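Note sheet for the following structure.
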Amino acid sequence: MRPRLALVPGEPAGVGPELCVRLAQQPPDADLVAFADPATLTAAAEALRLPLKLLSPGEHAGPGELVVKPVPQATPVRFGHADPANAAAVIGALREAGAACLRGEFHGLVTGPVNKASINAGGIAYTGTTELLARQAGVEVVMMLANPTLWVALATTHLPLREVPDAITRPQLTRVIRIIDAALRRDFGLALPRIAVLGLNPHAGEQGHLGREEIEVIEPVIAALRADGLRLSGPFPADTAFLRPRLAQCDVVLAMYHDQGLPVLKHAGFEDAVNLTLGLPYPRVAVDHGTALELAGRGDADPSSLIAAAALCTQLAQRRVASSPPVGAPSGAMLLNGIAPAGARSIAPEGAHGIAPEGAPTGWPEGGRR
Ligand SMILES: NC(=O)C1=CN([C@@H]2O[C@H](COP(=O)(O)OP(=O)(O)OC[C@H]3O[C@@H](n4cnc5c(N)ncnc54)[C@H](O)[C@@H]3O)[C@@H](O)[C@H]2O)C=CC1
Ligand SMILES: NCC(=O)COP(=O)(O)O
């Protein structure tokens, strides 16, 4: 099955449009439709001196071609200079694409980076595309970033650090963990996903001496869900949870907040990491990086994350369309675009996950890491 995927480049002045142009040169096994201003895509192709023929919806695109559903901007693009006047077009493209996915016109959504400050400066209250798509679909979701060797999900996403402890409650954390568990079963074929839950406080609260959220919220949730059959461990102190022997015991790490988990993930492998929204009615996969305004229009931006996102979204869409995906043990888990949970890493072909860095401590799971 060849899926139809909606593609949203994101901030016009950032690297998103040129990454879409690069993606069009080596498209995934899917029919892409870009929701964007055609003039911006053309400008990006010209800046990179790459061929790009824009087609209308319904036409079939080959390499160097891209089907476009026009979403006009208020002002022409100036690479490197985000214009808040274009906020409505940026958000409009995301909303249109999301709505089309909900109507079943597309099998999945691939998105480039959005400049959160520019959107807000343009008068649109916006914290993130994850939240926007969740509201539009009327569901709760979980953000998970993944690279070929590490998966990190977040209990909270884009909110001030000061508000994090109050946002983590027993019902909320229960829902987050259930969404992760269900998504890893459904989309990745894990029979019993192993979720390692981090604590919130230093040393996971040091038995209540450094904070009580572990005792009052996180531990009771873990205990209740374990009793329900979920495979959970923790709460672990975040500073040692990412040590290699610990990672070998889980498929995904659940961090309590954005900057508890994502710096580790991005350090472990920035280039080919992707950002998934778990819990939506359709697969959404995004780049892991931001708008990188300083690189835009120069041809220096690395397209690996967008290419990985499109490939993964293609595979997730195919999997969802295929009748009742086989649910197997971790050893039978799906290897998606080289992205596999720790428990499935050994099924990757030799070298598929990159090579362990020189001097890497021994004990790192098979498959290595970047
Ligand atoms: N998926 C999304 O929509 C995301 C959006 N952002 C937004 O992006 C804006 C800028 O955020 P920053 O924190 O500066 O993060 P950033 O990811 O844009 O930049 C961080 C560093 O990575 C480099 N970089 C980023 N993408 C690259 C690529 N494809 N190839 C080579 N180098 C690359 C940049 O040059 C910079 O040195 C913010 O407005 C933020 O809200 C940030 C993260 C994700
Ligand atoms: N750090 C991830 C990020 O900011 C992108 O999130 P989203 O806009 O896809 O919700």
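Just so we're clear, the structure is a prediction, and the values are computed from it rather than from any experiment. Remember, it's 1-based here, ligands and their atoms both numbered in the order they're listed.
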Next on the checklist: Let's go through Val252 and Leu184 carefully: what are the C-alpha distance in whole Å and the side-chain angles of both, what is the deciding distance for side-chain contact (heavy atoms from CB on, under 4.5 Å) to 0.1 Å, and is it a yes or a no?
Outcome noted: CA-CA 9 Å; Val252 58; Leu184 296 193; 3.7 Å; yes

Between [Y] and [X], is the closest basic N to carboxylate O distance under 4.0 Å?
X: Glu96; Y: Lys69; value: yes
X: Arg2; Y: Asp31; value: yes
X: Arg194; Y: Asp251; value: yes
X: Asp83; Y: Arg78; value: no

Checklist entry - Backbone, side chain, both or neither: what part of Thr111 comes under 4.0 angstrom of ligand 2, heavy atoms only? => result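 No part of Thr111 is near ligand 2 at this cut-off.
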
Item to check | Residue portion contacting ligand 2 (non-hydrogen atoms closer than 4.0 Å) for Leu262 | outcome: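 The answer is the side chain.
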
Name the closest protein heavy atom to [atom], giving the residue it belongs to and the distance to 0.1 Å.
atom: atom 6 (O) of ligand 2; result: His158 CE1, 3.3 Å
atom: atom 8 (O) of ligand 2; result: Thr129 N, 2.9 Å
atom: atom 4 (C) of ligand 1; result: His289 O, 3.4 Å
atom: atom 33 (C) of ligand 1; result: Leu295 CD1, 3.7 Å
atom: atom 5 (C) of ligand 1; result: Val114 O, 3.1 Å
atom: atom 38 (C) of ligand 1; result: Asn115 ND2, 4.3 Å
atom: atom 11 (O) of ligand 1; result: Gly290 CA, 4.4 Å
atom: atom 20 (C) of ligand 1; result: Phe270 CZ, 4.7 Å

Next on the checklist: We want to know whether Gln249 and Ser233 form a side-chain donor-acceptor pair, criterion being a heavy-atom distance below 3.5 angstrom.
Outcome noted: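 Their side chains do not contain a donor-acceptor pair, so the 3.5 Å distance test is not met.
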
Next on the checklist: Regarding Glu206 and His203, do their side chains bring together a donor and an acceptor under 3.5 Å, going by distance alone?
Outcome noted: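 Present: a donor and an acceptor within the cut-off.
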
Checklist entry - Does ligand 2 have any atom that is closer than 4.0 Å to a heavy atom of His289? => result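 The answer is no: ligand 2 sits nowhere under 4.0 Å from a heavy atom of His289.
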
Rounded to the nearest 0.5 Å, how far apart are [atom1] of [X] and [atom2] of [Y]?
X: Leu232; Y: Asp181; atom1: CG; atom2: CG; result: 7.5 Å
X: Asn147; Y: Phe270; atom1: CG; atom2: CZ; result: 11.5 Å
X: His107; Y: Arg320; atom1: NE2; atom2: CZ; result: 11.5 Å
X: Leu276; Y: Met144; atom1: CG; atom2: CE; result: 5.0 Å

Item to check | Heavy-atom donor-acceptor pair, Thr156 side chain to Met256 backbone, under 3.5 Å | outcome: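 Pair found, side chain donor or acceptor close to backbone of Met256.
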
Could you list the atoms of ligand 1 found under 4.0 angstrom from a heavy atom of [X]?
X: Val287; value: 1 (N)
X: Lys116; value: 4 (C), 5 (C), 6 (N), 39 (O), 41 (O)
X: Ala301; value: 30 (N)

Checklist entry - Where on Glu294 is there a heavy atom closer than 4.0 Å to ligand 1, on the side chain, on the backbone, on both, or on neither? => result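 For Glu294, only side-chain atoms sit under 4.0 Å from ligand 1.
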
Item to check | Structural part of Ala286 in contact with ligand 1, heavy atom criterion under 4.0 angstrom | outcome: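 It is neither; nothing of Ala286 touches ligand 1.
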
Checklist entry - Is there a protein heavy atom at a distance of less than 4.0 Å from atom 25 (C) of ligand 1? => result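 Yes, at least one protein heavy atom sits under 4.0 Å from atom 25 (C) of ligand 1.
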
Checklist entry - Would atom 13 (O) of ligand 1 count as contacted, meaning some protein heavy atom under 4.0 Å? => result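 So atom 13 (O) of ligand 1 lacks protein heavy-atom neighbours under 4.0 Å.
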
Suppose I only count heavy atoms of [X] and a 4.0 Å limit; which atoms of ligand 2 are within that range?
X: Lys116; answer: 3 (C), 4 (O), 5 (C), 8 (O)
X: Arg284; answer: 9 (O)
X: Tyr126; answer: 8 (O)
X: His258; answer: 1 (N), 2 (C)
X: Gly128; answer: 8 (O), 10 (O)

Next on the checklist: Would Leu312 and Val110 count as a side-chain contact (heavy atoms from CB on, under 4.5 Å) here? Give the steps.
Outcome noted: CA-CA 9 Å; Leu312 178 56; Val110 178; over 6 Å; no

Item to check | Verdict with reasoning, Gln172 to Thr169, per side-chain contact (heavy atoms from CB on, under 4.5 Å) | outcome: CA-CA 5 Å; Gln172 178 266 352; Thr169 64; 3.2 Å; yes

Next on the checklist: For ligand 1, which is the ligand I care about here, please tell me if Thr291 has any N or O atom under 3.5 Å from one of the ligand's N or O atoms.
Outcome noted: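 Yes: some nitrogen or oxygen of Thr291 is under 3.5 Å from one in ligand 1.
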
Next on the checklist: Test your reading of the structure: does Ala292 have an N or O sitting under 3.5 Å from an N or O of ligand 1?
Outcome noted: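 Yes - when backbone and side-chain N and O of Ala292 are compared with those of ligand 1, one distance drops under 3.5 Å.
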
Checklist entry - Arg284 versus Cys313: any side-chain heavy-atom pair under 4.5 Å? => result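 Of all side-chain heavy-atom pairs linking Cys313 with Arg284, none is under 4.5 Å.
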
Item to check | Nearest option to atom 30 (N) of ligand 1, as decided by whichever heavy atom of Thr129, Thr111, Asp302 sits closest | outcome: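 Minimum heavy-atom distance to atom 30 (N) of ligand 1 goes to Asp302.
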
Checklist entry - N/O of Lys266 under 3.5 Å from N/O of ligand 2, yes or no? => result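 N/O-N/O distance below 3.5 Å does not exist for this pair.
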
